[in-house]
Amino acid sequence: KYVVLSLRKFNNFTPSLYKIIAQACDEIISKYGLDIRLLPFQTGQQNDVEVMNKIFDLSKNKNKICILYVNKKNIYSIIDILANAEVVIGMRLHSCILSSIAKTPFIPLAYMQKVDDFWKNEQLFTPIPLDGITSEILLNRFDLILNDLSHYKQIADSICVSNRSKANRLLDMLDNP
């Protein structure tokens with residue numbers, strides 16, 4: 001069993017933010033016995049792998065964390081990875097959208113207004129703003145979801161149904177970068 005973490009590079013990703021996320025990963029591993037799968041969506045100029053490597057380096061439980069290298073154009077393999085996760089924690093907007101398609105609960109991390117705007121009507125999946133995040137805030141949200149996992153899976157599925165047109169538009173963007 002595992003949790004997927006999808007992070008992205010952005011200007012305000014401070015050293016303390018890396019530490020907060022690494023601490024949360026270590027706590028998820030120790031408290032719940034879940035592994036962490038770091039899933040990069042972008043390479044090149046906005047290289048997610050750089051961010052993932054920093055989280056990995058700061059983690060105390062390196063044997064329970066791995067970076068998944070998946071062909072981002074193979075959308076079905078990405079959805080399969082997300083579908084088998086307990087929870088997805090994502091900065092990448094499409095990581096959370098694809099999680100809803102996979103019926104997997106997710107925690108959006110808001111680094112830009114577009115993330116807040118996209119999820120504004122989804123009260124149970126309200127984004128956590130990165131400018132005020134702590135490991136406690138992230139872990140409290142994680143606890144809420146994991147303690148009522150079947151309910152959150154149903155909600156993720158309903159989000160998929162209600163936002164099908166948004167998801168299809170973003171899938172097209174993945175296929176045509």
Side-chain angles (χ1 to χ4, degrees), residues 1-72 74 77-100 102-112 115-116 119 124-149 152-153 156:
K1 294 187 172 191
Y2 59 88
V3 172
V4 169
L5 187 61
S6 175
L7 303 174
R8 70 174 310 260
K9 189 176 181 178
F10 80 111
N11 293 339
N12 296 332
F13 216 121
T14 63
S16 63
L17 184 55
Y18 286 111
K19 288 178 187 173
I20 288 167
I21 293 173
Q23 287 173 340
C25 289
D26 285 333
E27 183 68 22
I28 288 167
I29 291 165
S30 64
K31 185 175 180 180
Y32 296 103
L34 298 170
D35 291 350
I36 304 293
R37 302 288 183 256
L38 303 171
L39 182 60
F41 275 78
Q42 292 288 329
T43 56
Q45 186 176 5
Q46 291 191 9
N47 194 340
D48 296 352
V49 177
E50 290 177 27
V51 175
M52 307 292 183
N53 282 331
K54 288 181 181 178
I55 299 300
F56 180 83
D57 290 343
L58 290 168
S59 174
K60 296 175 184 172
N61 297 296
K62 291 176 179 49
N63 62 327
K64 296 288 188 177
I65 298 177
C66 72
I67 299 175
L68 302 175
Y69 295 95
V70 179
N71 179 353
K72 67 181 180 181
N74 185 346
S77 65
I78 294 171
I79 290 173
D80 187 54
I81 290 165
L82 298 173
N84 287 298
E86 297 297 304
V87 177
V88 172
I89 301 170
M91 283 176 69
R92 289 278 179 198
L93 181 58
H94 47 277
S95 70
C96 295
I97 292 169
L98 294 174
S99 296
S100 71
K103 301 178 184 177
T104 300
F106 54 91
I107 301 171
L109 301 178
Y111 66 97
M112 288 181 69
V115 178
D116 284 321
W119 300 112
L124 294 179
F125 294 109
T126 303
I128 298 174
L130 287 180
D131 59 0
I133 195 171
T134 64
S135 59
E136 292 79 19
I137 290 170
L138 183 53
L139 291 168
N140 285 341
R141 180 75 62 86
F142 187 84
D143 285 340
L144 283 172
I145 292 172
L146 215 57
N147 288 331
D148 199 4
L149 196 56
Y152 280 90
K153 284 182 180 275

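No more than 12 heavy-atom neighbours from other residues, nucleotides or ligands sit within 6.0 angstrom of NZ on Lys19.
Side-chain contact check for Leu109 versus Leu138: some heavy-atom pair is nearer than 4.5 Å. The shortest distance between side-chain heavy atoms of Val87 and Tyr152 does not fall below 4.5 Å. Between Ile55 and Ile36, every side-chain heavy-atom pair lies at or beyond the 4.5 Å cut-off.
By the ring pair (Phe, Tyr, Trp, His ring centres under 6.0 Å) test, Phe13 pairs with Phe10, Tyr18, sequence neighbours left out.
The two residues Ser59 and Asp26 have their closest heavy-atom pair at OG-OD1, 2.7 Å. Closest of all the heavy-atom pairs between Ile137 and Thr134 is N-OG1, 3.0 Å. Of all heavy-atom pairs between Lys9 and Asn47, the closest is CB-O, 4.0 Å. Of all the heavy atoms in Ile133 and Ile20, the pair that sits closest is O-CD1, 3.4 Å. Looking at every heavy atom in both residues, Pro105 comes nearest to Lys153 through CD-CG, 3.7 Å. Across all non-hydrogen atoms, the minimal contact from Ile28 to Ile89 is CD1-CD1, 4.1 Å.
Within the 3.5 Å criterion, the main-chain N or O of Ser95 finds a donor-acceptor partner in the side chain of Ser99. Remark: side-chain polar atoms of Arg141 are paired, donor with acceptor, to backbone N or O of Thr126 under 3.5 angstrom. Asp148 places no side-chain N or O within 3.5 Å of a backbone atom of Leu144 that could act as its donor or acceptor partner.
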Go through Val51 and Arg8 one step at a time and tell me if the side-chain contact (heavy atoms from CB on, under 4.5 Å) criterion holds. CA-CA 6 Å; Val51 175; Arg8 70 174 310 260; over 6 Å; no
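For the pair Lys64 and Asp35, the salt-bridge criterion is met [side-chain N within less than 4.0 Å of a carboxylate O].
Under a cutoff of 6.0 Å and an axis angle of 45°, Arg37 and Tyr2 form a cation-pi pair.
Going from atom CG of Leu38 over to atom CD1 of Ile67 covers 5.5 Å, rounded to the nearest 0.5 Å.
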